[in-house]
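Heads up: the structure comes next, in structure tokens.
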Amino acid sequence: MKERVLSGMQPSGYLHLGNFAGALKNWVRLQDIYDCFYCVVDWHALTSNYANPSPIADYKHDMLINFIAAGLDPNKCTIFLQSAVKQHAELHLLLSMITPLGWLERVPTYKEKQTEIKDKDLNTYGFLGYPVLQAADILIYKARHVPVGVDQIPHLELTREIARRFEFLYGKGILTEPEPLLTESPKVVGLDGRKMSKSYDNAIYLSDTPEQIDKKIRQMMTDPARKRKTDKGDPELSPVYALHKIFSSPDEIAHVAAACKTAEIGCIDCKRILIKNISKELEPLWSKREELTGSPSMLKDILNAGNRRAAAEAEKTMELIREAMNLS
Ligand code: AMP
Ligand code: TRP
């Protein structure tokens, strides 16, 4: 029996190259090794976008298309929508009974996000409870491994603490503590050299057309000291080079670095190679996207089947939990 993996992604924007290279490609790899459950966590997206929920429907759709276009195979893994499996909400409620407020107030993302995100009022019960909902997502499937980035470690630690507290109070060997699965994955920089993010307006989206990608990369900053083609450059100061390191071959990376330092090639030549390589990487995804966009019923069938499979698993755990908490 394969060990179980669960992970989730918030549909709070369109998916970009950072999500693809930093997370999704890894999910695709894991589906051959583990019994994987991948969740579009739309309730989580509401915790910070409750005042303007209308775009979430589009983001969900885009996410689902990209999951499958990137290679998640519904015959190998379970792809589902959080809000379609109501048991997550039930477990969230029950776990909220046993989660001390202090644990939640101490989660670093809670205070950080509240100060960082100024245009939204995140002083809500739902936002404080975000990690409890995440714990419910994970524990309801008894997942052993959770592939996430380092920023999610505090949420995983809290999930483990909640599982331990549940077991201490009701002691039935029902909930198991999950481990983070920290796979080396590249940090993708955006068009401006900061981390690629939907919030920085610096992203290349998986839904961008080849023309849009071409234009975005051509307009990218490079080494600011390199004003003319004859000026020698420092590739380490160029976000274009940072993207080469992820999307180009070792030979090409060595070539553009050396040729930038000697001014043998100009920035436009260097960008052309990057555009070619990013397009090559995304071409299979583009054609699959087109196929899926043309067959909405197939997408619906995949999601319905995933939701059913997830709900059946979640319900098994909930029956044990209700009994342990004297609710059945
Ligand atoms: P987010 O869109 O920030 O909720 O992230 C969803 C997933 O994509 C998480 O696993 C992130 O670690 C990953 N991710 C987001 N942005 C980047 C980036 N610029 N580089 C690498 N991974 C990223
Ligand atoms: N908090 C995660 C993020 O921002 C998303 C998430 C929700 C998640 N539930 C999850 C990740 C369960 C892993 C497992 O990336």
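All residue numbers refer to positions in the sequence shown, counting from 1. In listed order, ligands and their atoms are each counted from 1.
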Students often mix this up, so state it plainly: with edges at 30° and 60°, are the rings of [X] and [Y] parallel, tilted or perpendicular?
X: Y205; Y: H16; answer: perpendicular
X: Y14; Y: Y59; answer: perpendicular
X: W27; Y: Y38; answer: parallel

Identity of the nearest option to [atom], non-hydrogen atoms only, from [options]:
atom: atom 14 (N) of ligand 1; options: N19, L24, V189; value: N19
atom: atom 22 (N) of ligand 1; options: P11, A21, G18; value: G18
atom: atom 9 (N) of ligand 2; options: V148, T159, D137; value: D137

(request) Have a look at ligand 2 and work out which part of Q10, if any, has a heavy atom under 4.0 Å from it: side chain, backbone, both or neither. (result)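 Within the 4.0 Å criterion, Q10 contacts ligand 2 through side-chain atoms alone.
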
(request) Please work out whether any backbone atom (N, CA, C, O) or any side-chain heavy atom from C-beta onward of L133 is under 4.0 Å from ligand 2, and answer side chain, backbone, both or neither. (result)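 The answer is neither; L133 stays 4.0 Å or more away.
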
(request) May I ask you to decide whether D234 forms a salt bridge with K261, counting only side-chain N to carboxylate O separations under 4.0 Å? (result)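 Answer for the salt bridge query: no.
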
(request) Indicate yes or no: does E90 engage R322 in a salt bridge with an N to O separation below 4.0 Å. (result)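 Salt bridge between E90 and R322, a charged N being under 4.0 Å from a carboxylate O: yes.
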
(request) Determine the sole option in K316, H88, R4, E313 for which the side chain to side chain donor-acceptor pair (under 3.5 Å) test with Y141 is passed. (result)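 Per the side chain to side chain donor-acceptor pair (under 3.5 Å) rule, the option paired with Y141 is H88, out of K316, H88, R4, E313.
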
Check whether any side-chain N or O of [X] sits under 3.5 Å from a backbone N or O of [Y] as a donor-acceptor pair, and report yes or no.
X: R289; Y: N66; answer: no
X: S295; Y: E291; answer: yes
X: K76; Y: D32; answer: no

Tell me, please: is [X] in heavy-atom contact with ligand 1, that is, under 4.0 Å?
X: Q10; value: no
X: Q152; value: no
X: A23; value: yes

(request) Enumerate the atoms of ligand 2 whose separation from the nearest heavy atom of V41 is less than 4.0 angstrom. (result)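 Counting from 1, the qualifying ligand atoms are 7 (C), 9 (N).
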
(message) Show the atoms of ligand 2 that are less than 4.0 angstrom away from any heavy atom in H44.
(response)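 Matching atoms, with element in brackets: 7 (C), 9 (N).
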
(message) Please tell me if atom 12 (O) of ligand 1 is touched by the protein, where touching means a protein heavy-atom distance below 4.0 Å.
(response)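 For atom 12 (O) of ligand 1 the answer is no, since every protein heavy atom stays at 4.0 Å or beyond.
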
(message) Only heavy atoms of K198, strictly under 4.0 Å: list the atoms of ligand 1 that pass.
(response)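 What qualifies from ligand 1 is 1 (P), 2 (O), 4 (O).
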
(message) Please list, in number order, the atoms of ligand 1 under 4.0 Å from a heavy atom of G22.
(response)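 Here the atoms of ligand 1 in question are 21 (C), 22 (N).
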
(message) Quick check for you: to the nearest 0.5 Å, what is the distance between E177 atom CD and I138 atom CD1?
(response)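 Taking CD in E177 and CD1 in I138, the distance rounds to 12.0 Å.
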
(request) Could you tell me whether some N/O pair between S7 and ligand 2 is separated by less than 3.5 angstrom? (result)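 Among all N and O atoms of S7, none is under 3.5 Å from an N or O of ligand 2.
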
(message) Checking contacts here: is it the side chain or the backbone of P186 that comes within 4.0 Å of ligand 1, counting heavy atoms only? Could be both or neither.
(response)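 Within the 4.0 Å criterion, P186 contacts ligand 1 through backbone atoms alone.
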
